[in-house]
Amino acid sequence: NCDELFAYFLQYKERAGNDLKLVIMGKVMMEIPRHPDIIALGFVDDEDKYDGIVGARTLILPSRYESLSISVLEALALGVPVLVNGACEVLKGHVRKSKAGRYYTNQKEFREALEFLIKDSDSRSAMERSAKRYVDENYGWRSVMKKYGAMIEQISK
């Protein structure tokens with residue numbers, strides 16, 4: 001759904017009048033609009049990827065079809081709120097449970113969510129803390145080992 005993301009972002013930029021950029025990382029699989037506010041970096045190494053995520057105001061994942069998004073979990077682990085496609089129940093679930101992002105189902109929701117997420121506010125600070133806590137409590141080493149231990153115990157009965 002990158003085509004939809006590009007359209008929504010460009011419509012947002014027409015109205016917003018700010019200096020926000022959409023930075024795309026990863027293998028280029030489609031034509032990216034030529035616009036000064038859309039920057040395609042292509043494939044980057046892990047250090048640049050993490051630096052890019054940490055420096056972002058939000059990570060946007062427009063996919064409607066995810067079973068588990070490593071990039072969303074990486075962003076949350078780094079305290080970066082996410083903006084995801086509300087048509088994907090998995091991504092929407094991460095946003096709801098983490099309280100560290102927003103989701104959209106149309107252009108208006110995209111614009112409103114993006115505006116909310118890029119503002120410096122008490123809500124943003126709370127989302128940053130919630131993001132880290134969510135990943136730690138659900139995907140951190142101790143949490144995973146506890147789940148495996150419970151599963152092994154259940155099997156051995």
Side-chain angles (χ1 to χ4, degrees), residues 1-140:
N1 295 88
C2 288
D3 53 345
E4 181 180 81
L5 170 61
F6 297 142
Y8 286 0
F9 180 76
L10 292 173
Q11 290 172 21
Y12 165 80
K13 287 299 293 187
E14 285 178 16
R15 298 177 72 172
N18 60 27
D19 63 352
L20 189 69
K21 307 284 189 223
L22 178 63
V23 179
I24 310 294
M25 287 191 273
K27 185 177 178 183
V28 177
M29 303 291 287
M30 63 181 293
E31 187 173 333
I32 297 173
R34 300 188 89 171
H35 190 278
D37 293 325
I38 298 178
I39 301 165
L41 299 178
F43 182 80
V44 297
D45 63 28
D46 284 345
E47 183 179 357
D48 288 339
K49 176 179 77 168
Y50 291 122
D51 287 346
I53 294 171
V54 168
R57 300 296 294 154
T58 187
L59 179 129
I60 303 173
L61 188 61
S63 177
R64 293 180 183 186
Y65 310 104
E66 293 292 323
S67 57
L68 176 68
S69 172
I70 298 301
S71 61
V72 165
L73 294 178
E74 289 170 333
L76 294 173
L78 295 168
V80 176
V82 297
L83 177 57
V84 302
N85 191 324
C88 179
E89 289 300 320
V90 171
L91 296 177
K92 192 162 56 170
H94 283 307
V95 165
R96 286 179 172 158
K97 290 180 233 171
S98 70
K99 298 179 177 68
R102 293 287 186 268
Y103 58 87
Y104 64 92
T105 59
N106 58 50
Q107 201 281 326
K108 181 178 184 266
E109 290 176 358
F110 176 87
R111 183 182 71 247
E112 291 171 353
L114 186 57
E115 280 294 323
F116 179 82
L117 290 169
I118 65 172
K119 289 182 185 174
D120 284 316
S121 67
D122 290 340
S123 295
R124 181 175 175 83
S125 296
M127 282 191 292
E128 291 168 353
R129 289 188 303 276
S130 292
K132 291 177 182 179
R133 185 173 45 251
Y134 172 74
V135 173
D136 186 52
E137 289 175 358
N138 293 282
Y139 300 95

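Remember, predicted model here, so these are calculated numbers, not experimental data. Note: hydrogens, waters and symmetry copies are ignored here, and every other heavy atom, side chains too, is used.
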* Over 12 non-hydrogen atoms of neighbours within 6.0 angstrom of CG in Asp45 ->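 More than 12 heavy atoms, drawn from other residues, nucleotides or ligands, come within 6.0 Å of this atom.
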* Over 12 foreign heavy atoms within 6.0 Å of NZ, Lys21 ->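 Buried by this count: over 12 neighbours within 6.0 Å.
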* Asked: Does the pair Glu4/Arg64 count as a salt bridge with the N-to-O cut at 4.0 Å?
  ->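 Looking at Glu4 and Arg64, the cut-off is met.
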* Asked: Can Arg124 and Glu128 be counted as an ion pair, charged N to O under 4.0 angstrom?
  -> yes
* **Residues His94, Tyr134; criterion side chain to side chain contact (heavy atoms under 4.5 Å, CB included); working and verdict** => CA-CA 9 Å; His94 283 307; Tyr134 172 74; 2.7 Å; yes
* Asked: Is the closest side-chain donor-acceptor distance between Lys13 and Asn18 under 3.5 Å?
  ->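 Yes, side-chain donor-acceptor contact under 3.5 Å.
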* **Side-chain donor-acceptor contact under 3.5 Å, Tyr12 with Glu115** => yes
Could you pull out the closest heavy-atom pair between [X] and [Y], with the gap in Å?
| X | Y | value |
| --- | --- | --- |
| Leu22 | Phe6 | CD2-CD2, 3.9 Å |
| Lys132 | Ala77 | CG-O, 3.5 Å |
| Gln107 | Gln11 | CG-OE1, 2.8 Å |
| Val95 | Tyr103 | CG1-CD2, 4.1 Å |
| Gly52 | Met25 | CA-CE, 4.1 Å |
| Thr105 | Tyr8 | O-OH, 4.4 Å |

* Determine yes or no for a side-chain-to-main-chain donor-acceptor pair under 3.5 angstrom, with Ser130 supplying the side chain and Ala100 the backbone. => no
* To do: May I have the step-by-step check of side chain to side chain contact (heavy atoms under 4.5 Å, CB included) for Val82 and Leu91, ending in yes or no?
  => CA-CA 9 Å; Val82 297; Leu91 296 177; over 6 Å; no
